[in-house]
Amino acid sequence: MSAHRGRHNYRTIKSILETPIMDDHKWGKLPNIPADMIFLDLEDSVAPNLKEQARERVVRSLAEKAFDGEKLLLPRVNHLSTRWGREDVESLAAAKPDVVAYPKIRSAACVDEVLEAFRAHGADPDIFAIIETAESVLNVREIASHPSVIGLMSGPADISLDAGIELYEPGGALNRIFLVTKALTVLAGAAYGLAVTDIAYAENIRDLTEIRRRVEDSRRMGFTTMTTFYPPHVDIINDVFSPGHEEIAAAQAIVETYETALSEGKAAALTEAGTPVLVHEYEKALALLAR
């Protein structure tokens, strides 16, 4: 795994909350919601007639370090091919954002294009690449290897639109094809040391039991982070992506057992329960304890 390449270790982020930038009521609640990062969207969640106002609010939030600088901010610009994209980039560049989410990416060339636009206006942000087109899934390794990309976000809804496939199975589960797209995204992120975020999708977002199950599935798949647009999900995400007392105790036991074995000149050991402990389990336990 390569060393982290950005200004912040984004792999430590657990929760990202997207809130409509023009909804004053929801915006006012954000300081009390324990999300690690706030997603400042200029794309899908903003109506065309409000794009300019939303852009001004995002720029102001970045410049003034909204929420007293206690939350990381992730602005998403419109794609450069839209009539708003280049104005978004020019305006946000003045606020010198550390990181920007870029939608509808198809290849690493798209990353170069948006970075060139930012650099022309004096900014050089890290890029959170949104993997939400069929082509981006096929090119995810190339995108992940770009030196300015610090994170990947899986976007099943847009992939379903781009590829012309159903988002959900008849029973309400995500279409099975997204096991493939998610796995490719997770593996590319792991290979290059990136944050990898999934989105908390369900037909009924108020079914918190089902949301917890899906968040747990995402963590097991290897996602480092979870994004949601429904505030009650944030506590669930933070809980699932934080090691519990039992997990910590088990990891500590593995570390102690393996290091004792090493001190005795052995390359493996058995726990009291008879579970083999090899270097793989040892390194996983160290990674969990470092979270």
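One is the number of the first residue; the rest follow in order along the sequence.
Shortest non-hydrogen contact noted between K14 and I237 is O-CG2, 3.4 Å. Of all heavy-atom pairs spanning L17 and A35, the tightest one is CB-CB, 3.8 Å. Shown here for I105 and A129, the closest heavy-atom pair between the two residues is CD1-CB, 3.5 Å. Taking both residues in full, the closest heavy atoms of L152 and G189 are given as CD1-N, 3.8 Å, listed atom of the first, atom of the second, then distance. The shortest heavy-atom contact between P125 and P97 is CB-O, 3.4 Å. Minimum interatomic distance between A117 and L80 (heavy atoms only, all atoms of both residues): CB-CD1, 4.3 Å.
Atom CD1 in I211 sits 7.0 Å away from atom CD1 in I236 (nearest 0.5 Å). Expressed to the nearest 0.5 Å, how far CG of N139 lies from CZ of R106 amounts to 10.0 Å. Going from atom NE2 of H25 over to atom NZ of K29 covers 3.5 Å, rounded to the nearest 0.5 Å. Expressed to the nearest 0.5 Å, how far CD of Q252 lies from CD1 of I248 amounts to 7.0 Å. Distance check: I130 CD1 to I127 CD1 gives 10.0 Å after rounding to the nearest 0.5 Å.
The main-chain N or O of L278 is found under 3.5 Å from a side-chain atom of E281 such that the two form a donor-acceptor pair. T224 places a side-chain N or O within donor-acceptor distance of the main-chain N or O of V196, the cut-off being under 3.5 Å. When atom types are taken as modelled, the side chain of R11 and the backbone of L194 share a donor-acceptor pair closer than 3.5 angstrom. For the pair E142 (side chain) and A108 (backbone), a donor-acceptor distance under 3.5 Å is present. A donor-acceptor pair is defined here as one N or O able to donate and one able to accept, closer than 3.5 Å; such a pair exists between the side chain of T181 and the backbone of F178. Under a 3.5 Å cut-off, the side chain of K182 and the backbone N or O of S154 do not form any donor-acceptor pair.
Sorted by first and then second residue, the side chain to side chain donor-acceptor pair (under 3.5 Å) pairs involving residues 166-178 (not counting sequence neighbours) are E169-R176. Legend: ring pair (Phe, Tyr, Trp, His ring centres under 6.0 Å) pairs involving residues 115-138, not counting sequence neighbours: none detected. Counting only residues at least two apart or on different chains, the salt bridge (charged side-chain N to carboxylate O under 4.0 Å, His left out) pairs with a member in residues 150-160 are K104-D158. Residue pairs satisfying the ring pair (Phe, Tyr, Trp, His ring centres under 6.0 Å) criterion with at least one member in residues 204-227, sequence neighbours excluded, are absent.
Side-chain contact between V99 and L74 is present, with at least one heavy-atom pair separated by less than 4.5 Å. Looking at heavy atoms from C-beta onward, R83 lies in side-chain contact with P48 at the 4.5 angstrom threshold. I205 is listed as a side-chain neighbour of F229, based on a closest heavy-atom distance under 4.5 Å. For the pair T227 and M153, the minimum side-chain heavy-atom distance is below 4.5 Å. When side chains are defined from C-beta on, D98 does not count as touching D126, because their heavy atoms never get closer than 4.5 Å.
There is no path of hydrophobic side-chain contacts, each under 4.5 Å, that joins L187 to I143. The cluster map of Ile, Leu, Val, Met, Phe, Trp and Tyr, joined by side-chain heavy atoms under 4.5 Å apart, puts I165 and L184 in the same cluster.
Here the rule is side-chain contact (heavy atoms from CB on, under 4.5 Å) with L40, and of V77, L92, T19, I21 only I21 fits it.
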Checklist line | Check against side-chain contact (heavy atoms from CB on, under 4.5 Å), R212 and D239 | finding: CA-CA 9 Å; R212 175 176 285 275; D239 181 52; 3.0 Å; yes
Next item on the list: Determine, stepwise, if the pair E52 / R55 fulfils salt bridge (charged side-chain N to carboxylate O under 4.0 Å, His left out).
Entry: CA-CA 5 Å; E52 291 187 10; R55 185 187 300 134; 5.1 Å; no
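Under the 4.0 Å criterion applied to side-chain N and carboxylate O atoms, D24 and R57 are assigned as salt-bridge partners. Contact check on D198 versus R214 returns no salt bridge, with no Lys/Arg side-chain nitrogen under 4.0 Å from an Asp/Glu carboxylate oxygen. Using a 4.0 Å cut-off between charged nitrogen and carboxylate oxygen, E113 and R86 count as a salt-bridge pair.
Looking at residues two or more places apart in sequence or on another chain, you find no salt bridge (charged side-chain N to carboxylate O under 4.0 Å, His left out) involving R141. The side-chain hydrogen bond (donor to acceptor under 3.5 Å, both in side chains) search around E116 returns none, not counting sequence neighbours. With sequence neighbours left out, D235 forms a side-chain hydrogen bond (donor to acceptor under 3.5 Å, both in side chains) with no residue at all. For S15, the side-chain hydrogen bond (donor to acceptor under 3.5 Å, both in side chains) test picks out N238, with sequence neighbours left out. Checked against ring-ring contact (aromatic ring centres under 6.0 Å, His included), Y230 has the following partners two or more places apart in sequence or in another chain: H233. Judged as a side-chain hydrogen bond (donor to acceptor under 3.5 Å, both in side chains), and not counting sequence neighbours, the contacts of T133 are S136. For the ring-ring contact (aromatic ring centres under 6.0 Å, His included) test, residues two or more places apart in sequence or in another chain that qualify with Y102 are H79. By the ring-ring contact (aromatic ring centres under 6.0 Å, His included) test, Y282 is found to be paired with Y258, residues two or more places apart in sequence or in another chain being considered.
For the residue pair S45 and D41, a side-chain donor N or O sits within less than 3.5 Å of a side-chain acceptor on the partner.
Residue I177 places its CD1 atom among 12 or fewer non-hydrogen atoms of other residues, nucleotides or ligands, all under 6.0 Å distant. A 6.0 Å sphere centred on NZ of K96 holds more than 12 heavy atoms belonging to other residues, nucleotides or ligands. Within 6.0 Å of CD on E216 lie more than 12 heavy atoms contributed by other residues, nucleotides or ligands. Surrounding CZ of R220 are more than 12 heavy atoms belonging to other residues, nucleotides or ligands, all under 6.0 Å away.
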